[in-house]
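Only this structure's heavy atoms are used, side chains among them; waters, hydrogens and symmetry mates stay out. In what follows, chains carry the letters A, B, and so on, assigned in the order in which the sequence lines appear, proteins first and then strands, with residues in each chain numbered from 1.
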2 protein chains.
Amino acid sequence: MKRKVTLKQIAKELDVSISTVSKSLKNSSEISEDTRLKVQAFAKLYNYKPNNIALSLKNRKTKTIGIIIPEIVHHFFATVISGIEQVANEQGYNVIVCLSDESFDKEVINLEMLANGSTDGFIMSLSKETQQKKDFHHLQEVINQGMPIVMFDRIANEILTDKVIIDDSLAAYQAVSFLIEEKRKKIALITTVDYVSVGKLRTDGYLKALEDNAIEINNDLIVKIEDIENCSNIIDPLLNENKIDAIFAVNELFAVVAIKAALKKGIKIPEDMSVIAFTDGIISKFSTPTITTVSQNGVKMGRKAAEMLIERLENEEEDERYRTEVIETNLIKRESTKT
Amino acid sequence: MKRKVTLKQIAKELDVSISTVSKSLKNSSEISEDTRLKVQAFAKLYNYKPNNIALSLKNRKTKTIGIIIPEIVHHFFATVISGIEQVANEQGYNVIVCLSDESFDKEVINLEMLANGSTDGFIMSLSKETQQKKDFHHLQEVINQGMPIVMFDRIANEILTDKVIIDDSLAAYQAVSFLIEEKRKKIALITTVDYVSVGKLRTDGYLKALEDNAIEINNDLIVKIEDIENCSNIIDPLLNENKIDAIFAVNELFAVVAIKAALKKGIKIPEDMSVIAFTDGIISKFSTPTITTVSQNGVKMGRKAAEMLIERLENEEEDERYRTEVIETNLIKRESTKT
């Protein structure tokens, strides 16, 4: 497929702003005749096809934010949406949510659908498949059309845009360090398969905490789970014969399954074993024992993402400097750890 | 505000179909001249303002379904969305989700926004505020414009449209009857305040089960909770001095809070007390003990709602007969009951 020349490319080529290109193509009297003719000639030369949506963007605001997330049966994403909704409501914006169901194609379809006049900009977290394929052309096209995107949590470093993340590696490092402070030496990591970026970062943090504390890395204690349905089969062997004295799980579901299996084997928590889970959800609060978690502060992330997007939408000037905001995580101490 | 005459009203008045009215107003040659002139004259007389969206509906399909639900941090609604997504994907439809946050105004705004060319039809569950106000004009207007709505769970009997519900009263009746079969006589009901229709229906089922089994109703055993934050203060007194031997809770959060409070007081579950919760969510599966629940079959509800909506969207003929589908509930027996 032949790539169209975009507003942004014309702007870059002629060293003017996107808004100048857009206005020139609409023959706006705000732009000097010289510039207008130059832009128009260039656009003609490169067979620029105006995208009506993009051209009308600066005039016809929808006052709507599009959110595209991988799934909804997931407390973290739900809390991020709550945060976005809070700020959007305060500032008079509507919010539309679409789900990629972890599918690249659905992500592309949803983005195109919403970019087609329904929203002013996007807040997104990538699908697993998109992260595996590393194909981000759909994001780039939307950005080229002049619609800002704020990415959160599962981001693409390749795309120049505003981002809201937590420092997954540091958060994992701190959680594992906390277990080490509790005199735990045989710390298991229960994680997902690697292709989701945050999974890899959390593993890095786990490994670094062990290294910095001169604890030998034992690959047998690192288990990767693809499917929650059979995770107890994978976790169970870890719990035999005093193999471990602590668990760091990358989500609370893995943690609660491990805790239930441990209790059945007579392992006392936190006396015999400490457990920390990533993501502070509803399960950790209500399980027995309650679970110490790393809070990703989903509401805060959502609020920050919405603030960044609305700021960009309402700023008349194009600003090519993009920011990456790091939201602080914190350990919420509950009954599954000793101190 | 003066109400516009709608396509539907013209159709009714002249005893023709909505599609005939629509086509007549577009001067379609499919319609006899006689009818066309009659419709046009009537429309002019009553100052009919064509709604471009409505007129173009039969031609320009968006192939998109709009979902408007009260909240998203709620496992039941998330599962319904999953069910809708499944059927929509199978049939080539996109799905857009908007949240009312339990607010009437937000529900109206979201509905208007999505009805404005973004979607072909809606699947909705009403906000608490809408149920309190009993103001459903926004739904009626969308239906009048020719956009079908399927309501689920929190429905309005006043609106003629397709609906998907469970028999909340019967489901509660069966759950409480099950507790009575377990020889429980002092059964507490932990419910929400009454204005959400399903809360009232579940209370009705509870009361009827007691009556049918000749168990005296004790109003002290019925507690209503508005705010989850302080629910343990309200639940705690129930657990003193052998006051109760079973709990029927209208959601799993109330149940898990009650169980934790009971365990702290040394009450054994299910030996001393049985617990059943409405709504099969993620907490019930992972709490200790696991909780016996009434499954609302959210995925099934979502699938059925999507099937009904798509059927109506793809049916050329207007069908004024509306259906209410009742999805069966079932008791998922876990550790919090004896049998």
Side-chain angles (χ1 to χ4, degrees), chain A residues 62-64 66-69 71-82 84-86 88-89 92-101 103 105-106 109-110 112-114 116-119 228 252-253 255-257 259-260 263-264 269 281-291 298-299, chain B residues 62-64 66-69 71-82 84-86 88-89 92-101 103 105-106 109-110 112-114 116-119 228 252-253 255-257 259-260 263-264 281-291 298-299 335:
Chain A
T62 62
K63 279 279 194 176
T64 301
I67 304 177
I68 301 176
I69 51 171
E71 50 162 327
I72 213 151
V73 192
H74 193 309
H75 193 256
F76 168 65
F77 287 119
T79 58
V80 174
I81 291 175
S82 296
I84 296 169
E85 285 266 350
Q86 285 171 14
N89 287 347
Y93 280 77
N94 295 317
V95 172
I96 282 179
V97 183
C98 283
L99 308 178
S100 65
D101 292 334
S103 142
D105 286 346
K106 275 204 73 181
I109 289 168
N110 284 328
E112 281 185 1
M113 171 179 69
L114 292 184
N116 201 22
S118 300
T119 59
I228 185 75
E252 56 170 9
L253 265 180
V256 78
V257 170
I259 286 175
K260 281 185 157 278
L263 293 176
K264 243 182 222 166
I269 295 167
I282 208 153
I283 294 175
S284 301
K285 254 182 251 175
F286 292 108
S287 75
T288 308
T290 56
I291 305 172
V299 172
Chain B
T62 62
K63 279 277 193 178
T64 301
I67 304 177
I68 301 177
I69 51 170
E71 49 163 327
I72 214 152
V73 193
H74 193 309
H75 193 255
F76 168 65
F77 288 118
T79 57
V80 174
I81 292 175
S82 295
I84 296 170
E85 286 265 350
Q86 285 171 16
N89 288 347
Y93 280 77
N94 295 317
V95 173
I96 282 180
V97 184
C98 283
L99 308 178
S100 65
D101 293 335
S103 141
D105 286 347
K106 275 204 73 182
I109 289 167
N110 284 329
E112 281 185 0
M113 171 178 69
L114 292 184
N116 202 22
S118 300
T119 58
I228 185 74
E252 57 171 9
L253 265 180
V256 79
V257 170
I259 286 174
K260 281 186 158 275
L263 294 174
K264 243 182 222 165
I282 208 152
I283 294 174
S284 302
K285 254 181 253 174
F286 293 109
S287 76
T288 307
T290 57
I291 305 172
V299 172
E335 296 163 0

Novice: Evaluate side-chain contact (heavy atoms from CB on, under 4.5 Å) for A:L99 paired with B:V95, printing each intermediate quantity in order.
Specialist: CA-CA 8 Å; A:L99 308 178; B:V95 173; over 6 Å; no
Novice: Does B:K63, at its NZ atom, have more than 12 non-hydrogen atoms belonging to other residues, nucleotides or ligands within less than 6.0 Å?
Specialist: yes
Novice: Picking from B:L263, B:N94, B:T64, B:I81, which has the most non-hydrogen pairs under 4.5 angstrom with chain A?
Specialist: B:N94
Novice: Please flag which part of A:I96 lies under 4.5 Å from any non-hydrogen atom of chain B: side chain, backbone, both or neither.
Specialist: both
Novice: Looking at A:E71, A:H75, A:M113, which makes the most heavy-atom pairs under 4.5 Å with chain B?
Specialist: A:M113
Novice: Distance from A:I72 atom CD1 to B:S82 atom OG, nearest 0.5 Å?
Specialist: 8.0 Å
Novice: Which bit of A:I259 comes within less than 4.5 Å of chain B, counting heavy atoms only: side chain, backbone, both or neither?
Specialist: neither
Novice: Restricting to side-chain hydrogen bond (donor to acceptor under 3.5 Å, both in side chains), what partner residues turn up for B:Q86, sequence neighbours left out?
Specialist: B:R303
Novice: Nearest 0.5 Å, what's the CZ-CD1 distance between B:F286 and A:I291?
Specialist: 10.0 Å
Novice: Check A:K285 against B:K260 and note the closest heavy-atom contact, atom names and distance.
Specialist: O-CE, 4.2 Å
Novice: In chain order, what residues pass the side chain to side chain contact (heavy atoms under 4.5 Å, CB included) check against B:K106, with sequence neighbours excluded?
Specialist: A:E85, A:N89, B:D101, B:S103, B:N110
